[in-house]
Amino acid sequence: NIGYLFPLGPYYWLMEQLAVPDWLTQRLLWGTLVFAAAYGAYRLARWLGWNPTGALVVGFAYGFSPYLLSYLARLSVILGPWAALPWMILLAAKAARTRSWRPAAQFAVVVALVGSVNATALVLAGLGPVIWLLNDVFSGRVRWSAALAGAARIGVLSLAVSVWWIVALRVQGTWGIPILRYTETYESVASASTPAELLRGLGYWFFYGGDRLDAWVGPSLPYTDHPLVMTVGFAIAGLALLGFLVPFVGRVSATVLLVIGLAVSVGAAPLGSTSPYGSLFEWFASDTTVGLALRSTPRAAPLVILALAFGLGSTSEWLRAQLADRPAANRRLSFAAPAGIIVLLAVQLFPWFTGNALTPSLLRDEDLPEHVTDLADWLDDSGGGRVWEIPASDFANYRWGGTVDPVLPGLIDRPYLARELVPQGGAGTADLLNAFERRLPEGWFEPETLPAIADRLGVDTIVTRNDLEHERYRLARPGMLWTDITGVLGEPDVAGPTVADDPVIQVLDERTLARPDAADAFPVVAAFDLRATTPAVTTATATAPVVLAGSGEGIVDLAGAGLLDPERPVLYAGTLADAVDAGSFDPAMVGPDTWWVVSDTNRRQGRHWSTVSANLGALEAAAPLQLDDDPGENRLDLFDAEGDDELARQTVGVHVGDVVDVRSSYYGYRVAYTPEDAPWFAVDGDPSTAWRAGIFDEVDGLVWEVDLRDPAPATAVEILQPVTGATNRFITRARITLDD
């Protein structure tokens with residue numbers, strides 16, 4: 001959140017002081033971004049010596065790119081580097097041509113305005129001025145010494161205005177969870193970053209997705225299924241490429257921008273059929289820390305868009321020149337070419353002019369509902385301890401509108417805890433919070449665990465947000481949750497208006513049928529005070545701990561059994577083992593009063609981060625269950641151990657009888673784990689279980705392997721198709737291979 005401090009903080013503060021409505025403040029920001037991008041491209045073209053008409057086409061082509069639609073309604077501030085790119089190129093070129101610090105200082109001001117929110121977008125856009133300077137040097141327009149001096153001045157000043165957010169990133173990277181591992185994978189990014197889409201100004205994976213209720217980016221669908229919109233987009237890209245066949249000032253620099261921009265933006269796409277460069281790029285983006293940070297490669301698309309803008313301007317000027325050579329009576333028609341191209345650009349960006357540039361799920365009234373602000377006021381007036389908001393949610397989509405991030409922490413001055421799609425904090429906290437929260441949407445929540453886990457998390461107040469669109473992400477149902485929470489905590493200390501559950505899509509499943517006790521009506525929000533005051537520091541005797549062989553799942557299980565003694569600290573056996581290895585173990589911590597708890601948690605299993613539930617894979621033996629590479633799998637390691645030490649701290653599966661090990665290409669669904677489809681269910685002797693794969697995916701080429709303890713002749717192999725559960729997919733052809 002540190003990145004939003006500047007420039008958005010002062011901007012919104014100023015507008016609030018001037019009593020400008022929020023909706024107008026927001027639209028002024030969007031208009032400023034588009035104008036800055038277009039005017040920057042215009043100024044760059046004019047500085048190169050283009051006439052005003054050609055430069056105007058360049059400006060419109062860059063500022064009216066559909067690239068902005070991917071971010072506008074949800075993350076518009078990430079458009080800052082896109083808007084700044086032509087200005088950075090212009091100022092870098094000027095800095096190399098003078099000894100004055102003025103252009104470098106102006107460059108640093110631009111970086112300060114656009115650089116703090118997303119370092120990836122800034123770095124990838126920053127390739128533009130680097131490419132331009134290098135081309136100036138190789139073409140002989142600028143000496144090496146002058147270019148290096150200008151770059152040094154820019155670097156010093158840009159670093160000076162950026163150190164505040166670089167330090168913040170460094171602190172998070174050093175002490176926080178390795179967050180890059182738990183956001184989108186490079187496989188997701190590369191799925192849409194094809195050259196054809198990038199030439200249209202698109203290619204960002206988020207632009208093409210959606211959930212159960214609507215598209216993530218509201219205006220995206222016409223760009224993928226409307227013939228006219230798609231034709232216009234490709235026609236503009238074709239006209240822009242044709243412009244490179246005509247000489248124009250800056251053609252070489254624009255060509256290099258186009259080639260490098262495409263190479264970086266496309267990266268390794270499409271995965272699975274890549275060139276040697278693509279394979280190297282995939283390794284870089286998937287297996288290195290720097291590559292993970294820069295894996296959102298379509299944020300280099302502004303390089304491509306700016307280059308194509310110059311190409312389109314060149315085409316416009318060539319057409320205008322051809323018309324101008326005609327008889328004088330028709331010369332006025334020469335302006336038809338740039339006018340027609342600008343009209344095409346406007347048609348391509350039609351959502352901007354039709355009021356449909358926003359994502360419907362994010363629309364809401366300017367004023368927050370009274371029940372939200374009243375709750376925030378009550379929380380600030382009732383104490384200063386930590387607030388825990390439940391249930392978990394992928395993103396904050398309320399019945400009254402969407403805010404992406406939860407709204408409550410922005411309204412209160414108390415510490416705040418919630419489970420969202422991307423984990424935050426340290427590994428131990430994230431693991432415990434996930435262990436508790438996943439039970440709510442999965443339908444096996446034990447209400448009696450709530451007070452004990454809240455105490456472990458240092459929570460003073462529990463807030464239930466019953467106004468979430470639970471059907472959008474299959475979250476915990478408010479009626480069931482209200483019955484469970486009030487059953488263990490009693491009546492709330494404060495509650496909003498009573499409402500009934502009215503989902504956009506009716507949800508009828510086994511959880512609905514299993515809970516006839518679910519409340520028909522409940523407060524839209526409610527808060528439960530657990531204790532009046534919370535000391536800043538709590539203490540417990542270190543000589544009588546609970547030593548748990550397990551993980552956060554084991555702590556929640558202990559709470560469910562009523563054995564989570566609040567007077568005893570909980571120590572993980574894996575942490576103690578690390579302390580022994582480090583020589584910092586105190587034997588007094590495991591004296592005669594110690595409780596030793598052995599659990600089957602801290603399992604060796606895969607973990608996804610694509611939803612807030614259904615993220616844990618099936619129990620594994622020492623070897624992985626899946627033969628295929630799974631880019632979405634990122635395990636949350638609680639203990640610093642590898643190899644045999646890691647296995648010693650985990651619960652692993654051990655096969656008995658004739659089978660040594662079983663594995664398959666994958667099982668269930670590639671996005672969310674379904675442990676009930678694990679490959680070893682094919683040989684467990686139970687006809688009601690089965691190995692399944694290919695849910696929402698291709699099924700050709702799936703592999704299933706089994707290792708037998710002793711060699712056995714196989715004159716025949718009997719295969720039983722699934723007879724329970726999902727029985728709508730069948731094996732129609734199989735090849736059986738026997739070793740030895």
Side-chain angles (χ1 to χ4, degrees), residues 37-65 67 82 85-97 124-144 146-147 150 195 198-201 234-266 300-325 334 337-338 340-342 344-345:
Y39 187 53
Y42 172 84
R43 286 285 299 274
L44 177 60
R46 291 289 288 153
W47 181 79
L48 290 172
W50 285 51
N51 65 54
T53 305
L56 190 66
V57 172
V58 173
F60 269 100
Y62 188 69
F64 279 2
S65 167
Y67 174 83
W82 162 73
L85 173 60
W87 296 100
M88 291 194 295
I89 291 176
L90 175 59
L91 293 170
K94 287 184 175 182
R97 288 166 169 80
L124 294 179
L127 293 175
V130 173
I131 293 169
W132 204 276
L133 279 181
L134 289 175
N135 191 64
D136 278 351
V137 169
F138 286 121
S139 64
R141 289 189 292 270
V142 175
R143 298 191 309 274
W144 269 107
L198 289 162
L199 290 174
R200 291 202 293 155
F234 284 114
I236 291 174
L239 289 173
L241 291 174
L242 287 174
F244 284 88
L245 301 178
V246 181
F248 62 86
V249 180
R251 181 171 66 164
V252 175
S253 298
T255 301
V256 178
L257 273 183
L258 177 63
V259 172
I260 295 181
L262 274 176
V264 174
S265 300
V266 172
L303 306 180
V304 178
I305 299 166
L306 183 60
L308 292 177
F310 277 101
L312 195 62
S314 171
T315 298
S316 172
E317 287 298 281
W318 182 83
L319 290 173
R320 194 168 73 89
Q322 299 305 306
L323 293 172
D325 287 341
S334 63
I341 288 176
I342 290 175
L344 281 179
L345 291 167

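These values consider heavy atoms only, across backbone and side chains, with no hydrogens, waters or symmetry-generated copies. Note that the coordinates shown come from a computational prediction; the quantities given were computed from them, not determined experimentally.
To the nearest 0.5 Å, atom OG of residue S316 and atom CZ of residue F60 are 11.5 Å apart. The distance from atom CD1 of I131 to atom OG1 of T255, rounded to the nearest 0.5 Å, is 11.5 Å. A distance of 12.0 Å separates CD1 of I236 from CG of L199, quoted to the nearest 0.5 Å. One distance of note links CH2 of W47 with CG of L91; it measures 10.0 Å at 0.5 Å rounding. With values rounded to the nearest 0.5 angstrom, I260 atom CD1 is found 8.0 Å from L134 atom CG.
Taking every heavy atom of both residues into account, A61 and I305 meet most closely at O-CG2, 4.4 Å. When all heavy atoms of L198 and S265 are compared, the pair lying nearest together is CD1-CB, 3.5 Å. In this structure, L56 and I342 approach most closely via the heavy-atom pair CD2-CD1, 4.4 Å. What you find for R46 and P52 is that their closest heavy atoms are NH1-CD, 3.3 Å. Considering every non-hydrogen atom in both A146 and A96, the closest pair reads CB-O, 3.3 Å. Listed here is the closest heavy atom pair of A41 and G59: CB-CA, 4.0 Å.
With sequence neighbours left out, the salt bridge (Lys or Arg N to Asp or Glu O under 4.0 Å) criterion links R43 to no other residue. Residues satisfying the salt bridge (Lys or Arg N to Asp or Glu O under 4.0 Å) criterion with R141, sequence neighbours excluded, are D136.
The shortest distance between side-chain heavy atoms of L133 and V142 does not fall below 4.5 Å. Counting heavy atoms from C-beta on, the side chains of L306 and I89 come closer than 4.5 Å. The closest side-chain heavy-atom distance from R320 to N51 is below 4.5 Å. Between L345 and L312, the closest side-chain pair of non-hydrogen atoms falls below 4.5 Å. In this structure the side chain of L303 never reaches within 4.5 angstrom of the side chain of V264, judged on heavy atoms. Side-chain atoms of Y42 and P86, non-hydrogen and from C-beta on, never get closer than 4.5 Å to each other. Counting heavy atoms from C-beta on, the side chains of P129 and L90 never come closer than 4.5 Å. Using a 4.5 Å cut-off on side-chain heavy atoms (C-beta onward), L44 and F310 make contact.
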List, one per line, each side-chain donor-acceptor pair under 3.5 Å for residues 239-254, sequence neighbours excluded.
unit_1 : atom_1 : unit_2 : atom_2 : d
R251   : NH1    : F244   : O      : 3.0
S253   : OG     : N135   : ND2    : 2.5

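Put simply, the side chain of Y62 gets close to the backbone of W82: a donor and an acceptor are under 3.5 Å apart.
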